[in-house]
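A short write-up of the structure that comes next.
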Amino acid sequence: MTLPRNPNRQPQGVPTGGQFATSTHGEPQVNITAARGQHGAAEIKEATSILKQRRENAWPEAAARFDEEEGAWAASNAAVAVREMYEDAAVIEYDVDSDGRIVELDVLDKNGHTIGTTWRTELRRSSSREWLDDRVSSHLDGRNLKDMATQGAGITDKVFTTMPDLAPGKTVRLELDDVIMNAHNVHTGGNPASGPFKIQAASQDLQLRRTDAFNDAKKRHVRDEQEWAASRAALSAREIYPEADEIEYDATSEGRITELAVMRGGEPIGVIALDADASSARKLRDKSDSLRGPVLFTLQDAGLESVEGQGAEIQDDLYVTEDAGERGKTVRFKLDDVIVKAADRVREQ
């Protein structure tokens, strides 16, 4: 696709300056509404609101989806975690109210002695409370008791005689070795761990399973961020430069951005250029440092193909680095175009 050439692009063989080198000119007389193209102010305002709301919800929704998926492994997650804290732990026993929230949780050894405990109230606490809350209770609190029974929990009725204000609840008992082996059988499709250290081996496998699940959840979130990178960058650029109407940048064939400009009416109003190792940036306009994370790296992390699919126009280009000419790409998109296109995607979902 052939794009209009920027008259300030450095000629091949000139070692410095970049395509957004300054030239002497008066301040452009730009009608901002006209420069923003075919989309009206009301349409842009609505689209912007839709996209901001979508992004605000994206991470909480991803975290909730991960937590829901992990509910199927809650008993073994808690069992593996508590065994790391107490080598002689044999049982987790906890009481829940009618909403499934934990009132009290105890860790017992094989003789039934309490070796760790945590409570809902601040009236009693043990030295293990904080660790148990973070690493054990967090897996179990609020879980569906039918799901817990499926994972090997024993469940009995509970009356809170010392807390008469609480409605009757349940006592949940997890025999650690049993829930670990049960979960491992599910995880491996019925191939149980064997050998003298089978519990340890099964625990390690389950730890790896949870790590993989967490990493998969992060990858889904990163992929989601990449699929909306152009509109995210557009919104960020407009927060920094409200009058902006376009973004244009140069990238290597591998997608590394070397120089990026935020434009108004065809003129750069914010420019930033990165060194080859991205360790330092050259700020070529006021406030340009603010573009580095929310604009430049957002687009770079997404990749050229993804950004093109979100409405950017890309052309092959021989641009000039400080060392030598290198074949790369020039990417350009109107802010309003990608914002409206992205908002339409949200509406269609």
Side-chain angles (χ1 to χ4, degrees), residues 62-96 100-120 125-156 170-221:
R65 184 166 61 249
F66 172 72
D67 185 66
E68 183 179 352
E69 293 170 353
E70 284 295 276
W73 305 91
S76 59
N77 285 341
V80 170
V82 83
R83 184 63 61 72
E84 287 182 334
M85 297 168 61
Y86 305 99
E87 291 184 1
D88 52 346
V91 175
I92 296 173
E93 187 170 271
Y94 61 98
D95 297 330
V96 298
R101 314 305 300 192
I102 293 177
V103 178
E104 177 184 356
L105 181 146
D106 294 319
V107 179
L108 312 176
D109 64 16
K110 64 181 180 180
N111 297 315
H113 299 142
T114 300
I115 55 178
T117 187
T118 185
W119 305 79
R120 173 189 291 182
R125 74 165 62 230
S126 71
S127 60
S128 64
R129 176 189 171 100
E130 182 177 350
W131 283 98
L132 284 173
D133 282 349
D134 290 344
R135 299 181 60 186
V136 180
S137 298
S138 58
H139 292 301
L140 303 172
D141 197 31
R143 296 298 184 187
N144 183 291
L145 294 184
K146 290 183 179 179
D147 292 342
M148 296 303 299
T150 300
Q151 297 171 50
I155 301 174
T156 56
K170 300 289 183 180
T171 294
V172 183
R173 184 179 176 90
L174 303 175
E175 302 283 347
L176 302 190
D177 288 353
D178 291 345
V179 298
I180 287 172
M181 294 308 300
N182 178 64
H184 189 263
N185 288 339
V186 173
H187 174 52
T188 60
N191 296 314
S194 59
F197 303 104
K198 65 180 182 179
I199 297 296
Q200 293 92 326
S203 297
Q204 290 174 356
D205 285 347
L206 292 173
Q207 285 177 314
L208 291 174
R209 182 216 64 79
R210 188 163 191 268
T211 299
D212 289 343
F214 181 72
N215 289 335
D216 288 343
K218 287 200 301 184
K219 288 177 183 177
R220 289 197 301 267
H221 178 64

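Below, all heavy atoms of this structure are taken into account, side chains as well, without hydrogens, waters or symmetry copies.
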Practice task
Without swapping roles, check the side chain of Asp141 against the backbone of Ile102 for a donor-acceptor pair under 3.5 Å.
Solution key: yes

Practice task
Determine whether Ile92 and Leu140 make a side-chain contact, defined as any pair of heavy atoms from C-beta on separated by less than 4.5 Å.
Solution key: yes

Handout entry: Separation of Tyr94 OH from Thr118 OG1 (nearest 0.5 Å)
Key = 13.5 Å

Exercise for the section: Kindly give the heavy-atom pair with the smallest separation between Glu70 and Ala213, and that separation in Å. Expected result: OE2-CB, 3.9 Å

Practice task
Check whether any side-chain heavy atom of Val107 lies under 4.5 Å from a side-chain heavy atom of Met85, and answer yes or no.
Solution key: no

Completion exercise
Interatomic distance, CG@Asn215 vs CZ@Arg210, rounded to 0.5 Å, equals 11.0 Å

Completion exercise
NE2 of His187 to CE of Met181, rounded to nearest 0.5 Å, is 12.0 Å

Completion exercise
In this structure, CD of Gln204 is separated from CD1 of Ile199 (nearest 0.5 Å) by 12.0 Å

Exercise for the section: Starting at CD of Glu175, measure out to CD1 of Ile180 and round the result to the nearest 0.5 Å. Expected result: 11.5 Å

Problem - Flag side-chain contact, heavy atom, 4.5 Å: His184 against Lys198 - result: no

Problem - Shortest non-hydrogen separation from Arg143 to Ala74 and the atoms involved - result: NE-CB, 3.8 Å

Exercise for the section: Compare all side-chain heavy atoms of Thr156 with those of Arg173 and state whether any distance is below 4.5 angstrom. Expected result: no

Practice task
Decide yes or no for Asp88 and Lys110: does some side-chain heavy atom of the first lie under 4.5 Å from some side-chain heavy atom of the second?
Solution key: no

Handout entry: Donor-acceptor under 3.5 Å (Gln151 side chain, Gly71 main chain)
Key = yes

Exercise for the section: Kindly say whether Leu105 contributes a backbone atom to a donor-acceptor pair with the side chain of Thr117 at under 3.5 angstrom? Expected result: yes

Problem - Expected output: side-chain Asp109 to main-chain Asn111 donor-acceptor under 3.5 Å - result: yes

Exercise for the section: Flag the pair Arg83 and Asp177 as a salt bridge only when some basic side-chain nitrogen lies within less than 4.0 angstrom of an acidic carboxylate oxygen. Expected result: yes

Problem - Pi-cation contact, Trp73 with Arg209 (under 6.0 Å, within 45°) - result: yes

Handout entry: Identified side-chain contact (heavy atoms from CB on, under 4.5 Å) counterpart of Val96 within the set Thr171, Leu145, Ile155
Key = Leu145

Fill in the blank from the handout: One should read off an interatomic distance between Ser203 OG and Leu208 CG, to the nearest 0.5 angstrom, of 11.0 Å

